[in-house]
S.K.: 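I am attaching a structure below and will ask some questions about it afterwards.
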Amino acid sequence: MTLNRKRGAILISGRGSNMVSLLRAAQLDDFPVEFTMVISDKIEAPGLGIATSAGVKTHALRHCRDGREAWEDELHQLLTDGEIDLICLAGFMRLLSAEFVGRWAEKILNIHPSLLPDFPGLEAQAQALDAGVSEAGCTVHVVTAEMDAGPILGQAKVPVNAGDSVDALSKRILAEEHQLYPALVAKYVQDHWTTEEPVHAG
Ligand code: GAR
C-alpha cells in the first residue's frame, strides 16, 4: 500500500537539531509526513545549511521593516504555495500572532524543553534549575494563540542531577526531544487526518 504523506514545513531559528531528527524520521517509508520546506527567521541559522545539504528547500525569512503582519503574510504565502499541511516549530524562537495561528489552527506543533505547563517561555532549562525541581523534560504540543499553552500531545521526563549546569540539563533533555518529537508528529498526523480526506501524494 502506498502511503499518502502529508506535506510538512519545519520552522527554525538556530542550529536545527530537532529539525534533523524530523528529517531523519521522514526518511522512513512509514513516516506520514514528507518535509518539503525549512524556513528560518534568522538568515544565519546553522540549520539552514544542514537542511540544504539534506536536499530540502530552505527559505530565510528575515524580519521586515513593515512589521510582524507583513512577515507573517509572507510566511503564510510560502506555506500556502508549498501546499503545506503541517508546520513543525523546531527551536523557532519567534512568537506567532493569534491571527496567524488561527489561519493554521491545529496545524502547528511545537516542542518545548520543559514539562509544560511549568516553565513556558525562554530559557526553560534554566528556569527548571532555578526552581530546584528534581525532574525536567520536554513537551510536544499543538500551538495556540497563548504561548506554550496549547493541548499537550506528550512529554518525556529526565532527572535533574545534583550540580547540573544548564548545559548538562539541556543536553539530557535534547536527547529526549529528538525521540519524542518525530514519534508524536507521526502519531498526531495518524490520529488527526482520516484517510477519507484529500491528501498530497508523497
Ligand atoms: C530545543 O531545546 C527546543 O526545545 C527549544 O530550543 C532548542 C532548539 O534546539 N525550543 C524552545 O525553547 C521554544 N520555546 P535545536 O535548534 O537544536 O532544535
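All figures in this text were calculated on a predicted structure; none of them were measured in a lab. For ligands, and for the atoms within them, numbers begin at 1 and follow the listed sequence.
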S.K.: Would you please write out the protein residues whose heavy atoms approach any atom of ligand 1 to under 4.0 angstrom, listed by chain and number?
M.R.: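 Residues near ligand 1: Arg15, Gly16, Ser17, Asn18, Gly91, Met93, Ile111, His112, Pro113, Leu174, Glu177.
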S.K.: Look at the side chain of Thr139 and the backbone N and O of Leu116, then say whether any donor-acceptor pair between them is shorter than 3.5 Å.
M.R.: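 Indeed, once roles are kept as given, a pair shorter than 3.5 Å links the two residues.
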S.K.: For the pair Gln127 (side chain) and Leu122 (backbone), establish whether a donor and an acceptor sit closer than 3.5 Å, ignoring hydrogens and angles.
M.R.: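 At least one qualifying donor-acceptor pair exists.
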S.K.: Do Tyr188 and Leu86 have side chains that approach each other closer than 4.5 Å (heavy atoms only, starting at C-beta)?
M.R.: yes
S.K.: Please confirm whether the backbone N or O of Leu96 pairs with a side-chain atom of Glu72, one donor and one acceptor, at under 3.5 Å?
M.R.: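 Judged by distance alone, no pair lies under 3.5 Å.
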S.K.: Answer yes or no: is there a donor N or O on one side and an acceptor on the other, between the side chain of Asn110 and the main chain of His141, under 3.5 Å?
M.R.: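 Not at all, since once roles are kept as given, no pair shorter than 3.5 Å links the two residues.
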S.K.: If every non-hydrogen atom of Leu48 is compared with every non-hydrogen atom of Lys42, which pair is closest and at what distance?
M.R.: CD1-O, 3.7 Å
